[in-house]
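First comes the structure, then the notes that go with it.
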Amino acid sequence: MKILGIETSCDETAAAVVENGNHVVSSVISSQIAKHACYGGVIPELAAREHLAAIQPVVAQAMAEAQCSFADLSGVAVTAAPGLVPALLVGVTAAKGIATAAHKPLIGVNHFLGHIYGAFLENTEQLEQSETYPILAMVVSGGHTALVLITEDGQSHLLGSTIDDAAGEAFDKAAKIMNLGYPGGPIIDRLAAQGNPKAYHFPRPLTGTTGKAVPEEHLYNFSFSGVKTSLLYAVKDRQLSEQEIADVAASYQEAIVEVLTKKAMMACRQYRVRTVLASGGVACNRGLRQALEAACKTHQCRFVVAPPKYCTDNAAMIAGVGFHYLRKGILTDDRLAVNARLSLNLGQIPWDLPKK
Ligand code: KG4
Ligand code: ZN
């Protein structure tokens, strides 16, 4: 069964053809990073206009590389939520058009579920193994920071998310403040390797380190805007040397990584998690990967991280999830009912769960 996946939730226009949920036949990604760089962040309306220009050639390339026609497809899967709604709308509308014209089913896929599945795309059999569950999925990108728990019975629970900036946004804004370029994550990651993470102290919001207890409702939530403001005051009106910039980057990265790792491990203990998974652009961060890997070793749970090509936004992860909905017949008959939404709700887990 070949599924065409389409992804336009943020600043990547992507299309992929995936066979049987795990064989990536083609995966094409057109990034708009250069168009947004001068603004230091993604402008939703600009993203939508760029998707509009790119969607047709990107889909055509994915189909050509897969050497298949729309008639050969079993269905079309598209990211429907969450994301920038004007951006999502382009992918959803294109997918509706293709599915309707080719008389194929249309599946709306949750982007978080896509990221989670993306981490297993090359090892999907693990999703059917009992020892994999519960899974704690950390989805960290420019638009999202969320901790999702998936239990063996296929229930998903959003334990927490950011109440202001996403982790990737915190990296991007820090780089903008220091005039380092966009996207900030990879730049700070690179600089941090040369810096001293203890040189500056940045806050670790909502972790209880200030001596104030974390309110129950924020136990698994994140807040990064205060860390960014703290950095602004640390560098404001100062002429920093190269070494000082590296030290700021290292200290800032450590603050963010520590918050993410601490909350993930707290969830591990509370929910007896057996697999910790990291996905989204920030999961490329070397400091975060190392910290999570070490913490997972201590907590004796498995650490799964998507290879970089499936960490950042791509359509293969969407087509992969779509395959399972189609196979199970979890579909809407009305293609026009698939709409772009803000909703974080992951809905039903479509893949096969471990047999009891
Ligand atoms: O998943 P993604 O490609 O797109 C979405 O936002 O959905 O993530 C992009 C984000 C950007 O904020 C970027 O700065 C961040 O991921 N990022 C990183 C690294 N590589 C990308 N953040 C920290 N360290 C990195 N190495
Ligand atoms: Zn994403």
Side-chain angles (χ1 to χ4, degrees), residues 5-14 27 29-34 36-37 39-44 47 50-51 78-85 87-88 91 109-119 137-146 148 161-162 165-178 180-193 195 224 227-228 249-250 252-261 277-292 305-318 321 344 346:
I6 294 180
E7 153 67 44
T8 64
S9 68
C10 190
D11 60 347
E12 264 102 23
T13 316
S27 178
I29 302 171
S30 163
S31 173
Q32 310 171 0
I33 283 182
H36 298 277
Y39 304 103
V42 179
I43 310 290
E50 292 297 320
H51 285 311
V78 62
T79 306
L84 306 170
V85 171
L88 285 168
V109 173
N110 177 288
H111 187 74
F112 281 4
L113 216 48
H115 272 304
I116 294 165
Y117 192 80
M138 177 189 282
V139 182
V140 271
S141 71
H144 309 287
T145 304
V148 179
S161 55
T162 181
D165 292 347
E169 210 177 346
F171 278 106
D172 295 338
K173 287 180 175 172
K176 190 176 178 185
I177 291 169
M178 295 195 285
L180 298 173
Y182 175 83
I187 301 169
I188 293 193
D189 188 347
R190 204 176 54 242
L191 287 170
F224 292 114
V227 196
K228 171 197 65 190
Y252 187 79
Q253 176 171 297
E254 187 168 87
I256 293 174
V257 166
E258 215 176 280
V259 172
L260 291 169
T261 310
L277 169 167
S279 189
V282 181
C284 296
N285 186 272
R286 287 172 294 171
L288 180 62
R289 283 175 178 245
Q290 279 161 16
L292 284 175
V305 65
K309 64 180 171 183
Y310 299 137
C311 254
T312 49
D313 288 350
N314 65 87
M317 64 186 194
I318 303 302
V321 175
L344 290 176
L346 270 75

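Every number for a ligand or one of its atoms is a count from 1 in the order of the listing.
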- Message: Quick check on contacts: which atoms of ligand 1 are under 4.0 angstrom from a heavy atom of G143?
- Response: 6 (O)

- Query: Do any N/O/S atoms of C10 come under 2.8 Å of the Zn ion (ligand 2)?
  - Reply: no

- Message: Is any side-chain heavy atom of H111 closer than 4.5 Å to one of S141?
- Response: no

- Query: Does L277 reach the side chain of Y117, with side-chain heavy atoms less than 4.5 Å apart?
  - Reply: no

- Query: Which residue owns the protein heavy atom closest to atom 22 (N) of ligand 1, what's the atom, and how far is it?
  - Reply: G185 CA, 3.2 Å

- Task: For the pair T13 (side chain) and T8 (backbone), establish whether a donor and an acceptor sit closer than 3.5 Å, ignoring hydrogens and angles.
- Result: no

- Message: Among all the protein's non-hydrogen atoms, which is closest to atom 9 (C) of ligand 1, and how far away is it?
- Response: G142 N, 3.8 Å

- For Q32 and S30, test the side chains for any donor-to-acceptor distance below 3.5 angstrom and give the result as yes or no. no

- List the steps and the verdict of side chain to side chain contact (heavy atoms under 4.5 Å, CB included) for I256 and N285. CA-CA 11 Å; I256 293 174; N285 186 272; over 6 Å; no

- Query: Should the ring pair F171 and Y252 be called parallel, tilted or perpendicular, given that the plane angle runs from 0 to 90° and is split at 30 and 60?
  - Reply: perpendicular

- Item | Flag side-chain contact, heavy atom, 4.5 Å: N314 against E12 | no

- Can you list the atoms of ligand 1 that are under 4.0 Å from a heavy atom of T312? 1 (O), 3 (O)

- Query: N/O to N/O below 3.5 Å, does that happen between F171 and ligand 1?
  - Reply: no

- Task: Check all N, O or S atoms of D313 and name the one closest to the Zn ion (ligand 2).
- Result: OD1

- Item | Which residue and heavy atom of the protein sit nearest atom 7 (O) of ligand 1, plus the separation | D313 OD2, 2.9 Å

- Item | Backbone or side-chain N or O of D172 under 3.5 Å from ligand 1 N or O | yes

- Message: Please evaluate residues V282 and T145 with respect to the criterion side chain to side chain contact (heavy atoms under 4.5 Å, CB included), reporting the C-alpha separation (whole Å), side-chain torsions for both, the decisive distance (0.1 Å), and the verdict.
- Response: CA-CA 9 Å; V282 181; T145 304; over 6 Å; no

- In this structure, atom 26 (N) of ligand 1 is nearest to the protein heavy atom D189 OD2, 2.8 Å

- Task: Look only at interatomic distance and state if C10 has a nitrogen or oxygen under 3.5 Å from any nitrogen or oxygen of ligand 1.
- Result: no

- Note on the structure: Here the atoms of ligand 1 under 4.0 Å from any heavy atom belonging to G168 are 12 (O)

- Query: For C311 and ligand 1, does the shortest N/O to N/O distance drop below 3.5 Å?
  - Reply: no

- For atom 24 (N) of ligand 1, find the nearest protein heavy atom and state the residue, atom name and distance (0.1 Å precision). N285 ND2, 3.0 Å

- Task: Walk me through it: do H115 and D313 pass the test side chain to side chain contact (heavy atoms under 4.5 Å, CB included)?
- Result: CA-CA 8 Å; H115 272 304; D313 288 350; 3.1 Å; yes

- Message: With respect to the Zn ion (ligand 2), please indicate if H115 possesses an N, O or S atom at a distance under 2.8 Å.
- Response: yes

- Message: Is there a side-chain contact between E169 and T162 in this structure, where contact means two heavy atoms from C-beta onward sitting under 4.5 Å apart?
- Response: no

- Message: Please work out, at 4.0 Å between heavy atoms, whether the side chain, the backbone, both, or neither of E12 comes within that distance of ligand 1.
- Response: side chain

- In this structure, atom 2 (P) of ligand 1 is nearest to the protein heavy atom G281 N, 3.7 Å

- Non-hydrogen side-chain atoms of D189 and C284 separated by less than 4.5 Å: no

- Item | D11 N/O under 3.5 Å from ligand 1 N/O | no

